[in-house]
Structures are given as C-alpha cells and as structure tokens.
Chemist: 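Here it is, the structure, as structure tokens.
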Amino acid sequence: MAAQYIDDVWAVTRLIPPGRVSTYGAIADFLTLGSARMVGWALFQSVSGPDNDVPAHRVVNRRGELSGRNHFRPPTLMQERLEAEGVAVRDDAVVDFDRLFWSPTVLLS
DNA sequence: TCTTTGACGTACA
DNA sequence: GTGTACGCCAAAG
C-alpha cells in the first residue's frame, strides 16, 4: 500500500483543474513535505504503477518545464495531454506558465 | 548498512 | 544567465 504522502500528493494532483498546471514545490509546500522530490517520486509511482488515474502531466517544475516527460509512455504523452487540454507547450515548457499556474493554496480560501 | 540516484528548489559565485 | 553546492526524503543496488 502506498505511503500517506503518496496518497496526499495524488489527491492534490487530482484537484488540479483541466487546462491548469501546478508545480512540485507548490504541492510540497502545501503538504509540508519539506522536499519537492517527494512529489515527483509520488507521481512517478502513479505513472509507473497501475494507478495511473492521476493527471501527473499537470505537474511541472518551477520553470514550467516538462521535466518528467521522459517517464511517460510514450515520452511525448505528457505534452500531448497538456495540449489536448488547451495548454500550449513549446520547447518542453508550458507557454504562459505564470498565467496557467494553479496553486493548491486556493483551497484554503 | 552504506552509497548512489532522482519528475526539485534555493543559495551563491 | 550559467555553473556549482547543498538540502531535502525515499527507494534501489
């Protein structure tokens, strides 16, 4: 069974609205994991395992780059899904990332 | 058990 | 803007 933080990360990731993106640091800070790497690891488990019902493609690094696209099958799946949701991707990075950025902290409001 | 690596981020030169 | 260093925590070898 997955660890608790894995479940939390998946829950937050599922809350990301379609057409929006979030960052590892924002989720890590929201869950007070203390390390953004845990977020990436948790999402990697979702993509690698059978529980791929997590929109991991909506989570990018701080620059808005698709750093984890190489872990998708095929590696272009991440960009394809983002573009399918209306998120423009250019040079492995989200266009207008500042505008499309979504933070889980909005749930606190 | 120790070492290395990893979907990151911040600090500093 | 670029390169280096460190912290952070967990999994794999």
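A, B, ... follow the sequence lines: proteins, then strands. Residue 1 opens every chain. What you see is a predicted model; the values in this text were computed from it and never measured.
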Chemist: When you look at CZ of A:Arg14, are more than 12 heavy atoms from neighbouring residues, nucleotides or ligands closer to it than 6.0 Å?
Modeler: yes

Chemist: Have a look at A:Tyr24 and tell me which of A:Leu43, A:Leu33, A:Asp29 forms a side-chain contact (heavy atoms from CB on, under 4.5 Å) with it.
Modeler: A:Leu43

Chemist: Rounded to the nearest angstrom, tell me the gap between atom CG in A:Leu33 and atom P in B:dT10.
Modeler: 15 Å

Chemist: Hey, what are the protein-to-nucleotides 3-7 of chain B N/O distances that come in under 3.5 Å?
Modeler:
from, atom 1, to, atom 2, distance (Å)
B:dG6, O6, A:Arg37, NH1, 3.2
B:dA7, OP1, A:His71, NE2, 2.3
B:dA7, O5', A:His71, NE2, 3.3
B:dA7, N7, A:Gly40, O, 2.8
B:dA7, N7, A:Phe44, N, 3.0
B:dA7, N6, A:Leu43, O, 2.9
B:dA7, N3, A:Tyr24, OH, 2.7

Chemist: Can you identify which nucleotide, out of C:dA11, B:dG9, C:dC8, has its nearest atom closest to the A:Ala36 side chain?
Modeler: B:dG9

Chemist: Would a hydrophobic clustering, with Ile, Leu, Val, Met, Phe, Trp and Tyr connected at side-chain separations under 4.5 Å, put A:Phe72 with A:Ile16?
Modeler: no

Chemist: For nucleotides B:dA7 and C:dT2, find the distance between their C1' atoms and express it as a whole number of Å.
Modeler: 23 Å

Chemist: So, for A:Phe101 and A:Ala26, which heavy atoms are closest and what is the spacing to 0.1 Å?
Modeler: CZ-CB, 4.0 Å

Chemist: Between B:dT10 atom C1' and A:Asn61 atom CG, what is the distance in whole Å?
Modeler: 14 Å

Chemist: Among A:Val94, A:Asp92, A:Leu100, A:Val89, which one satisfies side-chain contact (heavy atoms from CB on, under 4.5 Å) with A:Val60?
Modeler: A:Val94

Chemist: Evaluate the side-chain contact (heavy atoms from CB on, under 4.5 Å) criterion for residues A:Arg81 and A:Val87: first the C-alpha distance (whole Å), next the side-chain angles of each, then the deciding distance (0.1 Å), finally the verdict.
Modeler: CA-CA 9 Å; A:Arg81 288 184 95 177; A:Val87 179; over 6 Å; no

Chemist: Distance check needed: C:dC9 C1' versus A:Ile6 CD1, whole Å only.
Modeler: 11 Å

